[in-house]
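Atom set for the values below is all heavy atoms of this structure, side chains included, hydrogens, waters and symmetry mates excluded. Sequence lines set the chain letters: A, B, ... in the order given, protein chains first and strands last, and positions in each chain run from 1.
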Protein chains: 2
Amino acid sequence: MKKESTNWRSNCPINFALETLGDKWTLLIIRDLMFKGKTSFGEFLQSQEKISTNILSARLAKLEEHGLIGKSVAIDKRSKVFYSLTSKGKDLLPIMLEITAWSAKHDSATNTPKSFLKQFAASKKDMIAMMSNEQ
Amino acid sequence: MKKESTNWRSNCPINFALETLGDKWTLLIIRDLMFKGKTSFGEFLQSQEKISTNILSARLAKLEEHGLIGKSVAIDKRSKVFYSLTSKGKDLLPIMLEITAWSAKHDSATNTPKSFLKQFAASKKDMIAMMSNEQ
DNA sequence: CTGTATCCTTAGGGATACTG
DNA sequence: CAGTATCCCTAAGGATACAG
């Protein structure tokens with residue numbers, strides 16, 4: 001409803017991303033959708049970091065408002081709601097992979113499979129090919 | 001002094017990065033250091049987003065504590081302090097570039113040069129080569 | 001110029017009860 | 001199951017004065 005596009009602190013692309021993703025919870029929801037196969041409110045609640053229902057609710061609403069996720073209701077199963085990444089949300093994949101690689105390199109406690117780093121270069125090549133195609 | 005390493009909410013690499021970078025200001029300081037050539041307290045203060053002195057002070061301390069930036073004092077010039085990225089901080093470059101690319105793609109108001117996206121694929125290739133070398 | 005200190009306000013977040 | 005609604009507390013943040 002209210003759509004003043006100039007609520008931002010600046011036009012910097014880093015700041016733009018921060019306005020949407022710059023908090024302690026949003027990226028964890030993206031992670032759950034992107035890598036953990038989670039799609040429902042209840043599944044998000046069960047993640048290790050223990051988000052509370054009101055915060056989760058607010059983050060999901062904001063993500064939907066920003067067009068990163070979509071919402072759908074299954075009519076067959078009783079009132080089951082499914083969340084999914086939009087293409088805009090899926091476009092966060094390279095960011096998520098880079099973050100994972102950075103953390104794996106600099107945090108010994110991080111439980112990232114060794115195989116990830118090996119496969120990462122290959123993944124990057126795929127991403128480049130993908131981006132080159134749509135350009 | 002206090003170094004309990006288990007203050008984290010989880011061992012997830014995404015969460016690890018969030019613990020350090022997951023707020024509205026930290027990445028902007030990284031940006032200023034990485035892309036804007038800023039090195040001093042006063043220069044950070046002048047950025048568009050208008051961080052206040054106490055917050056900037058706290059973020060710089062946290063970044064130094066986490067080993068992302070270093071601090072040095074010039075003895076010739078009177079009490080001028082210079083901040084710089086450590087190698088751990090510089091390793092954030094791929095993340096910063098991906099964030100910039102994502103924002104440029106999804107935010108029309110973002111003032112990212114068109115040339116950036118063209119050069120981005122080339123940059124990615126350089127990064128891959130770099131990472132392959134150290135593996 | 002580089003911060004600290006202080007005051008005050010707001011936003012974020014935990015816990016939990018409750019509703020369609 | 002998927003949220004809303006409350007209560008309450010703490011952290012984050014803005015403004016600004018001031019100190020080394």
Side-chain angles (χ1 to χ4, degrees), chain A residues 2 7-10 12 14-15 18-30 32-33 36-66 69-84, chain B residues 2 4 7-10 14-15 18-30 32-33 36-66 69-84:
Chain A
K2 38 179 176 182
N7 228 353
W8 312 323
R9 296 178 295 182
S10 72
C12 166
I14 299 294
N15 184 65
L18 250 19
E19 300 280 344
T20 305
L21 310 168
D23 71 275
K24 295 272 186 185
W25 293 108
T26 300
L27 237 43
L28 296 178
I29 299 173
I30 301 287
D32 284 352
L33 280 162
K36 308 274 186 179
K38 301 189 178 185
T39 59
S40 68
F41 196 89
E43 286 172 324
F44 297 138
L45 279 182
Q46 288 161 33
S47 289
Q48 284 183 68
E49 295 88 3
K50 290 296 157 204
I51 191 171
S52 56
T53 58
N54 52 348
I55 304 296
L56 176 57
S57 185
R59 290 297 171 277
L60 288 171
K62 192 178 172 189
L63 279 169
E64 196 181 0
E65 180 191 339
H66 288 9
I69 66 173
K71 190 176 180 174
S72 61
V73 182
I75 36 178
D76 51 322
K77 305 269 178 182
R78 62 259 172 186
S79 70
K80 178 90 173 168
V81 179
F82 296 98
Y83 293 93
S84 59
Chain B
K2 39 179 176 182
E4 58 266 21
N7 228 353
W8 312 323
R9 296 177 294 183
S10 72
I14 299 293
N15 183 64
L18 250 19
E19 300 280 344
T20 305
L21 310 167
D23 70 275
K24 295 273 186 184
W25 292 109
T26 301
L27 238 42
L28 296 179
I29 298 173
I30 301 287
D32 285 352
L33 281 162
K36 307 275 185 177
K38 301 188 178 184
T39 59
S40 70
F41 196 89
E43 286 172 324
F44 298 138
L45 279 183
Q46 289 160 33
S47 290
Q48 285 183 67
E49 296 88 4
K50 291 294 156 204
I51 191 171
S52 57
T53 57
N54 53 347
I55 304 296
L56 175 57
S57 186
R59 290 297 170 278
L60 288 170
K62 192 177 171 190
L63 280 168
E64 196 181 0
E65 179 191 339
H66 287 9
I69 66 173
K71 190 176 180 174
S72 61
V73 182
I75 35 179
D76 52 322
K77 305 270 178 181
R78 62 258 173 184
S79 69
K80 179 89 174 167
V81 180
F82 295 97
Y83 293 94
S84 60

| field | Least distance between heavy atoms, A:Phe41 atom then A:Thr53 atom | value | CZ-O, 3.7 Å
| request: To the nearest 0.5 angstrom, please state how far the CD1 atom of B:Ile51 sits from the OG1 atom of B:Thr26. | output: 8.0 Å
| request: Would you mind reading off the distance between B:Leu56 atom CG and C:dA5 atom P, rounded to a whole angstrom? | output: 15 Å
| Once each nucleotide of nucleotides 3-14 of chain D is scored for protein heavy atoms under 4.0 Å, what B/S/- sequence comes out, 5' to 3'? | BBBB-----SBB
| Interatomic distance, B:Glu64 CD vs C:dT2 C1' [rounded to whole Å] | 13 Å
| Of the non-hydrogen atoms in B:Lys62 and B:Thr20, which two are nearest, and what is the gap between them? | NZ-O, 4.2 Å
| request: Check the distance between C:dG3's C1' and B:Phe44's CZ and give it to me in whole angstrom. | output: 13 Å
| task | Search all heavy atoms of A:Glu19 against all heavy atoms of B:Lys24 and return the closest pair with its distance. | result | O-NZ, 3.5 Å
| query | Can you name the nearest heavy-atom pair linking A:Lys38 to A:Gln46, along with the distance? | reply | NZ-C, 4.3 Å
